[in-house]
Protein chains: 2
Amino acid sequence: MLDRANIGHPWWHGRFRGCGYRLTIPREAILDVLSKTSRHLSAEDIFLAVHKVYPAVGLTTIYRTLELLVQMRLVFKFDFGDKRARYELAEGTKGIRHHHHLVCTRCGRIIDYTDFIDEEKELLGQTEKGLSKKFNFKITNHIIQFYGLCDKCQNKG
Amino acid sequence: MLDRANIGHPWWHGRFRGCGYRLTIPREAILDVLSKTSRHLSAEDIFLAVHKVYPAVGLTTIYRTLELLVQMRLVFKFDFGDKRARYELAEGTKGIRHHHHLVCTRCGRIIDYTDFIDEEKELLGQTEKGLSKKFNFKITNHIIQFYGLCDKCQNKG
DNA sequence: CCTTTATTGATAATGATTATCATATTCAAT
DNA sequence: ATTGAATATGATAATCATTATCAATAAAGG
């Protein structure tokens with residue numbers, strides 16, 4: 001259940017005011033849904049979840065809000081090869097650890113992993129620095145994904 | 001210009017026969033287009049290029065063939081955040097070096113880079129091995145992409 | 001209370017990709 | 001060469017996630 005009257009406001013409250021945006025009920029509801037799952041929700045998933053609590057919120061608002069949240073860097077948008085886009089609260093948010101994804105190309109299962117992240121971060125940091133200099137490219141984000149077959153799908157021919 | 005009568009056939013000829021597929025004119029034309037560009041073509045780009053030489057080839061065949069080529073691992077399919085999928089001849093093919101991408105989120109420009117690839121490969125190898133064991137996941141592919149602003153787009157507010 | 005601006009939702013439009021299905025092509029065996 | 005089975009093709013229509021439109025609401029600040 002969403003608790004707008006929370007003492008001290010949820011941590012993201014200020015981010016909105018600072019940008020001239022309003023933290024409305026639909027927006028907060030979407031953030032609430034995202035903050036309470038470890039799955040990788042599509043726009044429709046989020047719509048359905050929000051709908052249970054606030055049936056008046058339309059799908060259009062979901063898309064619009066997600067776009068806003070991505071732009072504010074509160075949310076990451078992923079493409080895992082099925083058609084729909086998937087959304088996830090940004091790392092650093094609450095207790096979410098930086099992670100990457102294993103994507104099963106057969107059943108679509110997605111596994112988050114945090115192992116090797118430290119090494120990866122180290123390498124990526126160097127790489128980003130080098131690339132930034134060489135190409136004069138301002139890197140704001142990166143994606144690492146491994147594709148393959150999960151354990152279950154390997155035993156299916 | 002496509003040269004079907006090339007001595008010794010293009011290198012990919014055998015890959016088709018081996019799978020029971022036929023190396024037809026449209027398929028060869030598509031591979032030919034892909035092998036002669038360093039850009040990241042969309043299905044429509046490829047359609048237009050093939051169309052100049054073989055106007056009879058339809059867009060459906062382009063999509064179908066690309067799907068086949070991706071499945072045969074001769075071609076990689078990428079999503080750079082604009083809507084259309086982009087295709088690229090697989091590494092190891094001819095003289096193509098393993099590389100990753102910088103994607104400008106503003107103008108869509110894509111920069112291939114091969115620097116740091118060796119270090120990345122080393123790390124990715126370790127990571128893949130570790131992840132494979134831990135999750136019993138058979139990794140066949142990976143993607144690394146950096147997003148940000150290219151030099152030109154940084155000077156635009 | 002009033003004015004301005006931000007936000008929303010229903011609906012229609014978009015556009016890349018897929019499905020359908022009848023036709024054409026290829027290969028191998030006769 | 002000819003035939004027959006399997007593969008490949010192209011025109012067309014359908015799909016479906018995402019966007020655009022636009023009138024209606026809600027909030028903030030005087």
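Bear in mind the structure is a predicted one, so any value in this text is a computation, not a measurement.
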Trainee: Whole angstroms only, please: what is the CG-C1' distance between A:Asp82 and D:dT15?
Mentor: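 Computing the A:Asp82:CG to D:dT15:C1' distance gives 16 Å.
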
Trainee: Does B:Tyr63 make a side-chain N or O approach to OP1 or OP2 of C:dT17 shorter than 4.0 Å?
Mentor: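 The answer is yes; a side-chain N or O of B:Tyr63 sits under 4.0 Å from OP1 or OP2.
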
Trainee: Please determine whether the number of non-hydrogen atoms from other residues, nucleotides or ligands lying under 6.0 Å from atom CD of A:Gln126 exceeds 12.
Mentor: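 Yes.
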
Trainee: Between atom OH in B:Tyr21 and atom P in C:dT25, what is the gap in whole Å?
Mentor: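 Rounding to the nearest Å, OH of B:Tyr21 and P of C:dT25 are 22 Å apart.
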
Trainee: Does B:Arg64 have a side-chain nitrogen or oxygen under 4.0 Å from the phosphate oxygens OP1 or OP2 of D:dT9?
Mentor: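 No, outside the criterion.
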
Trainee: Using the side-chain heavy atoms of A:Thr24, tell me which of these nucleotides is nearest: C:dA16, C:dT8, C:dT18.
Mentor: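 Between C:dA16, C:dT8, C:dT18, the one nearest the side chain of A:Thr24 would be C:dT8.
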
Trainee: Go through D:dT18, D:dG10, D:dA8 for me and flag the one nearest to the B:Val57 side chain.
Mentor: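 Ranking D:dT18, D:dG10, D:dA8 by closest atom to the B:Val57 side chain puts D:dG10 first.
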
Trainee: Assuming nearest nucleotide by heavy-atom distance, tell me which of B:Lys77 and A:Thr60 is located more 5' along DNA chain C.
Mentor: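 Nearest-nucleotide comparison on DNA chain C picks A:Thr60.
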
Trainee: Taking A:Glu88 as the fixed residue, which of A:His99, A:Lys77, A:Arg39 is the one that meets the side chain to side chain donor-acceptor pair (under 3.5 Å) rule?
Mentor: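 Per the side chain to side chain donor-acceptor pair (under 3.5 Å) rule, the option paired with A:Glu88 is A:His99, out of A:His99, A:Lys77, A:Arg39.
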
Trainee: Could you state the CG-C1' distance from A:Leu68 to C:dT8, rounded to the nearest angstrom?
Mentor: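 A:Leu68 atom CG is separated from C:dT8 atom C1' by 13 Å.
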
Trainee: How many whole angstroms separate atom CG of B:Leu23 from atom P of D:dT7?
Mentor: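 About 16 Å, once rounded to whole Å.
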
Trainee: Under 4.0 Å between a side-chain N or O of A:Lys83 and OP1 or OP2 of C:dA16?
Mentor: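 For C:dA16, neither OP1 nor OP2 has a side-chain N or O of A:Lys83 closer than 4.0 Å.
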
Trainee: Whole angstrom is fine here: how far is it from CD in B:Glu67 over to P in C:dT17?
Mentor: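 Distance check: B:Glu67 CD to C:dT17 P gives 12 Å.
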
Trainee: Measure CZ/A:Arg27 against P/C:dA6 and give the value in whole Å, please.
Mentor: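 Going from A:Arg27 (CZ) to C:dA6 (P), I get 11 Å.
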
Trainee: Run the numbers on B:His51 and B:Val57 for side chain to side chain contact (heavy atoms under 4.5 Å, CB included), then give the verdict.
Mentor: CA-CA 6 Å; B:His51 188 81; B:Val57 175; over 6 Å; no

Trainee: What is the separation between atom CG on A:Leu66 and atom P on D:dA17, rounded to the nearest whole Å?
Mentor: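 Those two atoms, CG and P, are 15 Å apart.
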
Trainee: At less than 4.0 Å, is any side-chain N or O atom of A:Arg84 found next to OP1 or OP2 of D:dT18? Yes or no.
Mentor: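 No, no such contact exists.
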
Trainee: Closest approach to the side chain of A:Thr65, judged atom by atom: which nucleotide of D:dG10, C:dT8, D:dT18 is it?
Mentor: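 Of the candidates, C:dT8 comes closest.
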
Trainee: To the nearest Å, give me how far apart CD (A:Glu28) and C1' (C:dT7) are.
Mentor: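 It is 15 Å, rounded to the nearest whole Å.
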
Trainee: So if I take every side-chain heavy atom of B:Ala43 and compare against C:dT17, C:dT8, D:dA17, which nucleotide ends up nearest?
Mentor: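 The answer is C:dT17.
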
Trainee: For the base of C:dT7, is there a side-chain donor-acceptor partner from A:Arg22 under 3.5 Å away?
Mentor: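 Result: no qualifying N/O pair found.
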
Trainee: Which residue lies toward the 5' end of DNA chain C, B:Arg17 or B:Ser42, if each is placed at its nearest nucleotide?
Mentor: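 On the 5' side of the pair lies B:Ser42.
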
Trainee: Using a strict threshold of under 4.0 Å (side-chain N to carboxylate O), is an ion pair present between A:Arg84 and A:Glu44?
Mentor: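 Yes, this pair counts.
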
Trainee: Does atom CD of B:Glu67 have more than 12 heavy-atom neighbours from other groups under 6.0 Å away?
Mentor: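 No, the 6.0 Å shell around CD holds no more than 12 heavy atoms from other groups.
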
